[in-house]
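For reference, the structure is listed below as structure tokens.
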Amino acid sequence: MIDLKSMDLPQMTAFFQELGEPAFRAKQVFSWLHRGTRTFDEMSNLSKPLREKLSQTCFITAPVVERKQVDPKDGTIKYLWRLGDGSCIETVLMRYHHGNTVCISSQVGCRMGCAFCASTLGGKVRDLTPAEMLDQVLFTQLDAGTAVSNIVLMGIGEPLDNFDTVLRFLELVNSPAGLNIGMRHISLSTCGLTEKIDKLASYRLQLTLSVSLHAPDDATRSRLMPVNRGVGVERLLEACRRYFEVTGRRISYEYALIDGVNDTDWQADLLAKRLKGTGSHVNLIPLNHVEESPLKPSRRVAAFQKRLERQGVTATVRRKLGGEIDASCGQLRRRRMQEEA
Ligand code: SAH
């Protein structure tokens, strides 16, 4: 069976040409699929024989809401979706004054092994397909009854570890025949795969690249993030500098503050020293406590921020949304897996 929704428009055009259909057929079907249509029967501008032929050879992905949690205070919605093969992934809808942002997953589980992250506890099960990534945006919009204007790739998984799929996904949501969401409204967060950062730079996309740094020194970063071992902070920051040179887009750094681990004055000073002059921005995130982990949220968030700012590095503390609904990536899926076990 053919996964039509994962195709870009040129591929779909070639597909319909092979069926002996005119080129505009592709655009019609593309547009139905990108509106979240679940069956070929609903595609009323296609002939009955074509609809039948498509049902016999192609499938349309559509996740099912396994669980939905709404934060009563800020309206954040967290979805746990069940996919065609029974796997579960999470999507979060956050409401801001400037529009709705959806935080989506790129893999089922994750193999990066960060010590503070719930997504990585059961390892990686598989990569998502482009359609499964797109579906998170489409079906969140349909279920919540509201349009999404911004996308962040910060849910379960490491997007650069599923590189080709993520690139296709970006092309799909960017498409004028589909959701038409501009690259400047998209952020991609990575744990810092240096070769993939260079590869991404070569596409010169206007998206925002966020790098999860979490420590300025190798001992701490390697302890928290296995991906740092054998690479080191210096080489990561060099890749980030190259990224900025090639794309002209400044990188933003994520820094989850953990009590007694990465929130000391000397680490603030080292971080400031390493980022000074790059024009980069640091997002300080109060750690979301994960049950299985001994790591605790820092009590020095404001002091750490002040110390960075005093040394010329701009830092903001991320506003906490969905604090009442397990909104830290991977926690809902983790809970569901435990219930099933
Ligand atoms: N794999 C990518 C994207 C997914 S994680 C990455 O590493 O960037 C999205 C962000 O949430 C990352 O910055 C990650 O480090 C952070 N994060 C994960 N678990 C967290 C927790 N328990 N508390 C705070 N931030 C967390």
Side-chain angles (χ1 to χ4, degrees), residues 78 89-92 94 101-124 127-128 133 136 151-163 165-166 169 186-194 196-197 200 207-216 220-228 231 233 236 239-240 243 251-259 261-263 280-298 301 304 315-323 325-335:
K78 180 146 187 169
I89 52 161
E90 292 172 19
T91 305
V92 184
M94 293 162 287
T101 296
V102 76
C103 173
I104 69 164
S105 300
S106 55
Q107 296 176 317
V108 180
C110 184
R111 63 190 184 105
M112 295 300 143
C114 299
F116 44 81
C117 182
S119 301
T120 207
L121 288 168
K124 181 182 117 174
D127 286 328
L128 292 183
M133 292 190 67
Q136 296 174 63
I151 299 174
V152 296
L153 280 82
M154 287 193 186
I156 297 170
E158 167 49 47
L160 297 187
D161 188 41
N162 188 11
F163 195 92
T165 294
V166 164
F169 163 77
I186 302 174
S187 295
L188 187 156
S189 178
T190 178
C191 63
L193 301 170
T194 52
K196 298 291 172 60
I197 290 175
L200 184 67
L207 52 74
T208 300
L209 183 64
S210 292
V211 171
S212 302
L213 193 56
H214 304 319
T220 310
R221 191 162 196 271
S222 291
R223 179 186 149 203
L224 293 174
M225 306 177 72
V227 70
N228 193 65
V231 181
V233 174
L236 172 59
C240 293
Y243 186 89
I251 300 219
S252 88
Y253 294 95
E254 313 283 306
Y255 200 106
L257 284 159
I258 308 170
D259 188 37
V261 175
N262 64 359
D263 64 347
S280 290
H281 183 91
V282 179
N283 268 314
L284 296 171
I285 314 163
L287 182 81
N288 272 306
H289 179 60
V290 173
E291 234 172 68
E292 287 87 340
S293 161
L295 303 171
K296 298 274 184 300
S298 168
V301 177
F304 198 89
T316 46
V317 178
R318 181 172 293 171
R319 189 158 72 94
K320 209 168 162 171
L321 290 178
I325 54 167
D326 278 350
S328 176
C329 49
Q331 291 190 12
L332 203 56
R333 172 170 174 267
R334 181 76 191 150
R335 170 126 24 107

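Quick note: residue numbers are just sequence positions, from 1. Start at 1 and go down the list; that is how both ligands and their atoms are numbered.
- Under a 4.0 Å criterion applied to the non-hydrogen atoms of Gly155, ligand 1 contributes the atoms 4 (C).
- Per-residue contacts place Glu254 under 4.0 angstrom from the following atoms of ligand 1 (heavy atoms of the residue considered): 13 (O).
- Which parts of ligand 1 touch Gly157 is read off a 4.0 Å heavy-atom cut-off, strictly below it: atoms 1 (N), 2 (C), 3 (C), 4 (C).
- Ligand 1 has no atom lying under 4.0 Å from any heavy atom of Cys110.
- A donor atom on one side chain and an acceptor atom on the other are not found under 3.5 Å apart for Ser106 and Glu158.
- Among Ser212, Ala115, Ser189, Cys117, the residue whose heavy atom sits closest to atom 2 (C) of ligand 1 is Ser189.
- For Ser210, the heavy-atom gap to ligand 1 stays at 4.0 angstrom or more.
- The closest heavy-atom contact to atom 16 (C) of ligand 1, among the options His214, Met112, Met154, comes from His214.
- Here the shortest heavy-atom distance to atom 22 (N) of ligand 1, taken over Thr190, Ile156, Asn288, Leu193, belongs to Asn288.
- Both the backbone and the side chain of Glu158 come within 4.0 Å of ligand 1, counting heavy atoms alone.
- Near Cys191, with a cut-off below 4.0 Å to any heavy atom, the atoms of ligand 1 are 6 (C), 7 (O), 8 (O).
- A salt bridge links Arg334 with Glu292: the closest approach of a Lys/Arg side-chain nitrogen to an acidic carboxylate oxygen falls below 4.0 angstrom.
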